[in-house]
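Single-structure report; data block below.
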2 protein chains.
Amino acid sequence: MPEDRTHKVSCSSFTYELEVAFEILSGKWVPLIIWHLADGEPKRFGEMRRLMPKVTQKMLTQQLRALEKHGLVSRKVYQEVPPAVEYSLTEMGLKLIPIFENVNGWAVEYLEKREES
Amino acid sequence: MPEDRTHKVSCSSFTYELEVAFEILSGKWVPLIIWHLADGEPKRFGEMRRLMPKVTQKMLTQQLRALEKHGLVSRKVYQEVPPAVEYSLTEMGLKLIPIFENVNGWAVEYLEKREES
DNA sequence: CAGCATCCTTGGGGATACTG
DNA sequence: CAGTATCCCCAAGGATGCTG
């Protein structure tokens, strides 16, 4: 979290905004989580775990909570026994998807060119 | 570096390509470095240091070398005394800039909405 | 000027066990 | 089921000093 906006001055061409974005997205499993929620379908915690077997339960919880705090993911708790929790992308979260697709497009081209050499 | 492409199987909807991209871009100072080279003008090492006073010399070298290895940045050494080295974005590096601008646009909207609440 | 070499610290993150 | 709570380790990265 860029604590002081005066940083803007010392790094004039790296906008405060861009810095914030990369800070939010730089969580180790954040891109993966967002990508798995990209279809707009809410998913339960256990479902997410199964989709991402390499992510420990601790990290999944931690990163989901961070995304919730930042307003990219919403967490809906159903008061039942046993408890059920659903995660989904918020409006702002969904708006990241086209960007992710652009990144993916870039990467496809990148890998093609790498293989040539 | 995703060492095995079989990972693609266990994380079916997170493409190998997207994973590669985020891996390259997730270096702590990578976005900042790319942003400072976005104008296409080659910049000398000392120049970069002045532009990014918060980045230590060790990290700047390290991250620039990683970007060079990945083919996003080119490093040109002029055999002089004293030595001069210029860094600039490669073709693939430059193609990231529009994406960065989209991210920036997203972040602007994101911060606006956050302030409302 | 543009680094490389070392030492040292910190916290990110894994493994494991427990709970409402 | 959906998490907390602890312990612990290692490597990312900062500080400092030296060099072709």
* Check ring pair (Phe, Tyr, Trp, His ring centres under 6.0 Å) between W106(A) and all other residues, then give those that pass, not counting sequence neighbours. => Y110(A)
* Asked: Looking at R44(B), does any N or O in its side chain come under 4.0 Å of the phosphate oxygens OP1/OP2 on dC1(C)?
  -> no
* To do: Answer with base, sugar-phosphate or nothing: what part of the nucleic acid does Y87(A) contact at a heavy-atom distance below 4.0 Å?
  => sugar-phosphate
* When rounded to the nearest 0.5 angstrom, what is the spacing between CG in L64(B) and CE in M48(B)? -> 5.0 Å
* Asked: At what distance, to the nearest 0.5 angstrom, does CD of E68(A) lie from OG of S74(A)?
  -> 8.0 Å
* Using a cut-off of 4.0 Å between protein heavy atoms and nucleotide atoms, how would you tag nucleotides 13-20 of chain C 5' to 3' with B, S and -? -> BBB----B
* Distance check: side-chain N/O of R65(A) vs OP1/OP2 of dT4(D), anything under 4.0 Å? -> yes
* Structure fact -> When the rotation axes relating C1' atoms of four end pairs to the next four are compared across the helix from dC1(C)-dG20(D) to dG20(C)-dC1(D), five pairs an end, they differ to 10° by 60°
* To do: Send over the distance from E80(B) CD to dG3(C) P, rounded to a whole Å.
  => 13 Å
* Asked: Is the shortest side-chain N/O distance from R50(A) to OP1 or OP2 of dC1(D) below 4.0 Å?
  -> no
* Which residues satisfy the ring pair (Phe, Tyr, Trp, His ring centres under 6.0 Å) test with F22(A), sequence neighbours excluded? -> F100(B)
* Check for a donor-acceptor pair, side chain of E86(A) on one end and backbone N or O of R44(A) on the other, with a separation under 3.5 Å. => no
* Atom CG of L64(B) to atom P of dA2(C): distance rounded to whole Å? -> 11 Å
* Asked: Between I33(A) and L67(A), which heavy-atom pair has the shortest distance, and what is it?
  -> CG2-CD1, 3.8 Å
* Spacing of L51(B) atom CG relative to dA2(C) atom P, expressed in whole Å -> 13 Å
* Asked: Can you list the residues that meet the salt bridge (charged side-chain N to carboxylate O under 4.0 Å, His left out) rule with K95(B), with sequence neighbours excluded?
  -> E109(A), E91(B)
* Structure fact -> When rounded to whole Å, the CZ to P distance for the pair F45(A) and dT4(D) reads 8 Å
* **Sole residue of N104(B), V108(B), L111(B) in side chain to side chain contact (heavy atoms under 4.5 Å, CB included) with Y16(A)** => L111(B)
* Starting from P on dG3(C), measure out to CG on L60(B) and report it in whole angstrom. => 9 Å
* Structure fact -> K58(A) meets the salt bridge (charged side-chain N to carboxylate O under 4.0 Å, His left out) criterion, sequence neighbours left out, with none
